[in-house]
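Sequential numbering from 1 along the given sequence is applied to the chain's residues.
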Amino acid sequence: IAMNENQLRKIRSFVRREGRKNQEHSERWPALWGKYGFDLEDCFSELFSNKAPIILEIGFGDGANLLAQAKEHSQYNFIGIDVYRTGAFKLMRHLDSNNINNVRVACSDAVEILNDFIPDNALAKVFVFFPDPWQKKRHHKRRLLQSSFFELVWKKIEAQADVFIATDWQNYADGIG
C-alpha cells in the first residue's frame with residue numbers, strides 16, 4: 001500500500017489526557033483565554049504590547065515556574081506551551097488574580113508552535129523542564145528532546161541565547177548530550 005507523507009500519522013511527544021472541567025473552568029475559560037491564550041492563527045507580533053525579550057517555557061505543567069518567573073522578571077515577556085488545559089487554566093487564573101500581563105499561553109504541540117508561529121531569532125531563552133522521558137526503548141521516538149527539536153530551537157533563539165533543560169532520567173540526559 002502506497003502512502004503519501006500526509007497520510008502518515010505524526011509521532012507526538014505527548015498524550016493528551018483531559019479530566020473533567022469543573023464549573024469555574026467552564027465559566028472562566030473563555031475570558032481568561034481571550035486575555036492570555038493564543039492559537040496558531042494569531043499574529044506573533046501582536047502577542048505583547050511591548051518589544052521586551054521573549055522567554056519560552058515548553059511543558060509548564062501547573063505553571064508554577066512560569067508564574068514565578070513572570071513575577072520576578074517583569075522586564076521579559078513569556079510564552080508558555082503545554083498540551084494540558086487544566087494546567088493552563090490554573091496558570092491563567094493565577095496570572096489574572098496577580099494582574100500579570102507579560103505571559104501568553106498556548107495549549108498545543110510545541111513543535112507546531114515553533115514551526116508555524118514563532119519567527120526565527122525571536123526568543124531570548126528557552127526552558128524545557130522535565131519533559132516526558134518515555135522510559136521504554138520502543139517509545140524513545142516520542143521524546144521531545146531529539147536532534148530535530150534542537151535544530152528547530154536553534155533557529156528560533158537569538159544569538160547567544162540560553163536553552164535550559166532539566167530531567168531526572170539519566171538515560172534521557174545521556175541521550176540529549
> Is the backbone of Leu114 close enough, under 3.5 Å, to the side chain of Lys156 for a donor and an acceptor to pair up by distance?
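Yes; at least one donor-acceptor contact below 3.5 Å.
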> Minimum heavy-atom separation for Ala88 to Val105, with atom names?
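What the structure gives for the nearest pair is CB-CG1, 3.9 Å.
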> State, yes or no, whether a side-chain contact exists between Phe44 and Pro119 at a heavy-atom distance under 4.5 Å.
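Contact flag for Phe44/Pro119 side chains = yes.
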> Output the distance between atom CG (Asp109) and atom CD1 (Ile81), rounded to the nearest 0.5 Å.
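Reported to 0.5 Å precision, the distance equals 8.5 Å.
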> Is the shortest side-chain heavy-atom distance between Val163 and Trp154 below 4.5 Å?
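When only atoms from C-beta onward are counted, Trp154 and Val163 do touch, with a gap below 4.5 Å.
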> For Ile55 and Ile79: C-alpha separation, side-chain torsions, deciding distance, then whether side chain to side chain contact (heavy atoms under 4.5 Å, CB included) applies.
CA-CA 6 Å; Ile55 297 174; Ile79 294 175; over 6 Å; no
> Go through Ile113 and Ile118 one step at a time and tell me if the side chain to side chain contact (heavy atoms under 4.5 Å, CB included) criterion holds.
CA-CA 6 Å; Ile113 296 290; Ile118 298 176; 3.9 Å; yes
> Looking at every heavy atom in both Val111 and Leu152, which two are closest together, and how far apart are they?
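Of all heavy-atom pairs spanning Val111 and Leu152, the closest is O-CD2, 3.9 Å.
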> Rounded to the nearest 0.5 Å, how far does CZ of Arg104 lie from OH of Tyr36?
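Taking OH in Tyr36 and CZ in Arg104, the distance rounds to 7.5 Å.
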> Ring centres under 6.0 Å, that's the criterion: do Phe117 and Phe38 meet it?
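Yes: the rings meet the under 6.0 Å criterion.
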> Going from CZ on Phe60 to CG on Asn65, what distance comes out if it is rounded to the nearest 0.5 angstrom?
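Interatomic distance, Phe60 CZ to Asn65 CG, rounded to 0.5 Å: 11.5 Å.
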> Search all heavy atoms of Ala161 against all heavy atoms of Ala124 and return the closest pair with its distance.
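Nearest pair, atom of Ala161 first, then Ala124: CB-O, 3.1 Å.
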> Passes side chain to side chain contact (heavy atoms under 4.5 Å, CB included), Phe127 versus Asp162? Steps please.
CA-CA 9 Å; Phe127 299 143; Asp162 294 314; over 6 Å; no
> Just wondering, do Val128 and Phe164 contact through their side chains at under 4.5 Å, heavy atoms?
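No. Closest side-chain heavy atoms not under 4.5 Å.
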> Roughly how far, to the nearest 0.5 Å, is the CG atom of Leu32 from the OG atom of Ser97?
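If I round to the nearest 0.5 Å, the distance is 9.5 Å.
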> Does Glu112 form a side chain to side chain contact (heavy atoms under 4.5 Å, CB included) with Leu40? I'd like the steps, not just the answer.
CA-CA 8 Å; Glu112 288 178 2; Leu40 285 171; 4.3 Å; yes
> Would you name the heavy atoms of Val103 and Phe48 that are closest together and state the gap between them?
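Closest pair (atom of Val103, atom of Phe48, distance): N-CE2, 4.0 Å.
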> If I compare all heavy atoms of Asn121 with all of Glu158, which pair ends up nearest, and what's the gap?
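Result for this residue pair: O-CG, 3.5 Å.
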> Taking NZ, NE, NH1 and NH2 as the nitrogens, is one of them in Asp62 or Lys90 under 4.0 Å from a carboxylate oxygen of the other?
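So Asp62 pairs with Lys90 through a salt bridge.
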> Would you please name every residue forming a salt bridge (charged side-chain N to carboxylate O under 4.0 Å, His left out) with Asp96, sequence neighbours left out?
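Result, salt bridge (charged side-chain N to carboxylate O under 4.0 Å, His left out) vs Asp96: Arg28, Lys35.
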> Enter the distance from Gln69:CD to Ser74:OG here, rounded to the nearest 0.5 Å.
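Atom-to-atom, Gln69:CD and Ser74:OG are 12.0 Å apart.
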> Counting only heavy atoms not in Gln75, do more than 12 fall under 6.0 Å of its CD?
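Counting other residues, nucleotides and ligands, CD of Gln75 exceeds 12 neighbours.
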> Nearest 0.5 angstrom please: Glu57 CD to Phe78 CZ, how far?
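Reported value, rounded in 0.5 Å steps: 9.0 Å.
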> Check for a donor-acceptor pair, side chain of Asn98 on one end and backbone N or O of Leu95 on the other, with a separation under 3.5 Å.
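Here the side-chain-to-backbone pair does not exist.
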> Closest heavy-atom contact between Gly80 and Leu66?
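Result for this residue pair: CA-CD2, 3.6 Å.
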> Do the rings of His73 and Tyr76 sit parallel, tilted or perpendicular, given the 30° and 60° boundaries?
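It falls in the perpendicular class, over 60°.
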> For residues Leu47 and Asn77, determine if any side-chain heavy atom of one lies less than 4.5 Å from a side-chain heavy atom of the other.
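The answer is no; the side chains never approach within 4.5 Å.
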